[in-house]
Amino acid sequence: MFELMNSQGFFIVLCVGFGAYAIYYLYSAAKFAIGYIKARKKYYEKYGKDSAKQVNQFWGWAILFAAFCIFCFYSAFHVDPNMEQLQWFRMAYLIVGLILFGQMVVAIVKRSALVGPEAIVIESAVIPWKSIISMDPKKRGVQRVVDIVTTQGTYVVSREMGLLLHDEYEAWKKARKEKKEKKGKK
């Protein structure tokens, strides 16, 4: 059994398997990011650029993931060449680095939003304020998140973004109520 684990064929099979998974994960992360870019473009076409503000709460996570990616890629090529099982360490560092890069892309998209007076853009959806059913704070493990339930589906955002979106939603409801009251007085 030990001979199988040390064979070159076993290493190649694992490299191909893990490499295929890493490439698939990067493809999925890129597709996720492209969906967000398309949703932003759709928002701009429908509502215009002037009314929207960008909310970015990803900087901490992006810096952390970037630091780990740099460490992994640096370590893959600067591992001690005299180390036993060098090829396994290089493979592990490269695969983990690629997966962390995909995680960084996902974190950037998940922690970004485009907020406007009539709609928001979260992930790959343009969500009009009127289609929001509820914003439910939850605790998942050690994280506090907010589930935004809409007619288009449920979206999970960080607590900080949920608070910001809730304030914007309340401002939209207030503006809508004032507009109806003005219309009713005429």
Asks: Quick check: closest heavy atoms across Trp172 and Pro117, and the distance to 0.1 Å?
Replies: CD1-O, 3.0 Å
Asks: Measure across Ile133 and Thr151 and return the closest heavy-atom pair with its distance rounded to 0.1 Å.
Replies: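 Heavy-atom minimum between the residues: CD1-N, 4.1 Å.
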Asks: Taking the side chain as every heavy atom from C-beta outward, state whether Ile120 and Val126 have any pair of such atoms under 4.5 Å apart.
Replies: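 No, side chains not in contact.
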Asks: Under the salt bridge (Lys or Arg N to Asp or Glu O under 4.0 Å) rule, collect the residues that match up with Lys173, sequence neighbours excluded.
Replies: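 Glu170.
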Asks: Under 4.5 Å between side-chain heavy atoms, hopping through other hydrophobics if needed: is there a path connecting Phe11 to Leu14?
Replies: yes
Asks: Ignoring hydrogens, what is the shortest heavy-atom contact between Ala107 and Phe65? Give both atom names and the distance.
Replies: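 Residues Ala107 and Phe65, closest heavy atoms: CB-CE1, 4.0 Å.
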Asks: Is there a path from Met104 to Phe73 through hydrophobic residues (I, L, V, M, F, W, Y) whose side chains come within less than 4.5 Å of each other?
Replies: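 As far as the 4.5 Å side-chain criterion goes, Phe73 and Met104 are connected within one cluster.
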Asks: Return the orientation label for the Tyr169 and Trp129 ring planes: parallel under 30°, perpendicular over 60°, tilted otherwise.
Replies: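 Ring orientation of Tyr169 relative to Trp129: tilted.
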Asks: Side chains of Lys46 and Glu118: does their closest heavy-atom pair fall under 4.5 Å?
Replies: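 Contact flag for Lys46/Glu118 side chains = no.
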Asks: Does the side chain of Lys38 reach to within under 4.5 Å of the side chain of Lys42, using non-hydrogen atoms?
Replies: no
Asks: Under 4.5 Å between any side-chain heavy atoms of Ile148 and Val157, yes or no?
Replies: yes
Asks: Is atom OH of Tyr47 surrounded by more than 12 heavy atoms (other residues, nucleotides or ligands) closer than 6.0 Å?
Replies: yes
Asks: Which heavy atom of Val146 sits nearest a heavy atom of Gly162, and at what distance?
Replies: CG2-CA, 3.8 Å
Asks: Anything under 30° is parallel, anything over 60° is perpendicular, the rest tilted; go ahead and classify Phe10 against Trp88.
Replies: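 Geometry flag for Trp88 against Phe10: tilted rings.
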Asks: Step by step, would you call Phe71 with Tyr93 a side-chain contact (heavy atoms from CB on, under 4.5 Å)?
Replies: CA-CA 9 Å; Phe71 171 75; Tyr93 280 128; 4.1 Å; yes
Asks: Does Val105 belong to the same Ile/Leu/Val/Met/Phe/Trp/Tyr cluster as Val121, with side-chain heavy atoms less than 4.5 Å apart forming each link?
Replies: no
Asks: Is there a chain of hydrophobic side chains (I, L, V, M, F, W, Y, each step under 4.5 Å between heavy atoms) that links Leu94 to Phe101?
Replies: yes
Asks: How long is the straight-line distance from NZ of Lys49 back to CG of Leu114, given to the nearest 0.5 Å?
Replies: 10.5 Å
Asks: Among pairs that include at least one residue of residues 74-84, which meet salt bridge (Lys or Arg N to Asp or Glu O under 4.0 Å), considering only residues two or more places apart or in two chains?
Replies: none
Asks: Measuring from Ile12:CD1 to Gln87:CD, what's the distance to the nearest 0.5 Å?
Replies: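 So the gap between those two atoms works out to 8.5 Å.
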Asks: Do the non-hydrogen side-chain atoms of Gln152 and Ile127 ever get within less than 4.5 Å of each other?
Replies: yes
Asks: Do Leu165 and Val115 have side chains that approach each other closer than 4.5 Å (heavy atoms only, starting at C-beta)?
Replies: yes
Asks: Mind listing the side-chain donor-acceptor pairs of residues 17-35 below 3.5 Å, one per line with the distance, residues two or more places apart or on another chain?
Replies:
| residue | atom | partner | partner atom | Å |
| --- | --- | --- | --- | --- |
| Tyr25 | OH | Gln103 | OE1 | 2.0 |
| Ser28 | OG | Tyr24 | O | 3.1 |

Asks: I'd like a table of donor-acceptor pairs (distance under 3.5 Å, sequence neighbours excluded) in which one partner is a side-chain atom from residues 54-61, with atom names and distances.
Replies:
| residue | atom | partner | partner atom | Å |
| --- | --- | --- | --- | --- |
| Gln54 | OE1 | Arg40 | NH1 | 2.4 |
| Gln54 | NE2 | Tyr36 | OH | 3.3 |
| Gln54 | NE2 | Asn56 | OD1 | 2.9 |
| Gln54 | NE2 | Ala113 | O | 3.4 |
| Gln57 | OE1 | Ser158 | OG | 3.3 |
| Gln57 | OE1 | Met161 | N | 3.1 |

Asks: Is there a side-chain contact (heavy atoms from CB on, under 4.5 Å) between Lys138 and Arg144? Walk through the geometry before answering.
Replies: CA-CA 6 Å; Lys138 302 249 170 132; Arg144 294 181 186 273; over 6 Å; no
Asks: What is the minimum heavy-atom distance between Ala125 and Ala39, and which atoms define it?
Replies: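 The answer is N-CB, 3.9 Å.
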Asks: Walk me through whether Glu181 and Lys177 qualify under side-chain contact (heavy atoms from CB on, under 4.5 Å).
Replies: CA-CA 6 Å; Glu181 286 175 358; Lys177 184 178 179 182; 3.6 Å; yes
Asks: According to side chain to side chain donor-acceptor pair (under 3.5 Å), who are the partners of Lys53, at least two apart in sequence or on a separate chain?
Replies: Glu168
Asks: Among the clusters formed by ILVMFWY side chains lying less than 4.5 Å apart, do Leu98 and Phe68 turn up in the same one?
Replies: yes
Asks: Listed by chain and number, what are the side chain to side chain donor-acceptor pair (under 3.5 Å) partners of Asp167, not counting sequence neighbours?
Replies: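 Checked Asp167 against side chain to side chain donor-acceptor pair (under 3.5 Å); zero matches.
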Asks: Minimum heavy-atom separation for Arg90 to Phe77, with atom names?
Replies: NH2-O, 4.3 Å
Asks: In the structure I gave you, are the side-chain heavy atoms of Tyr155 and Thr150 within less than 4.5 Å of one another anywhere?
Replies: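 Counting from C-beta outward, Tyr155 and Thr150 do come under 4.5 Å.
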Asks: Does the side chain of Cys69 reach to within under 4.5 Å of the side chain of Cys72, using non-hydrogen atoms?
Replies: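 Cys69 vs Cys72: side chains apart.
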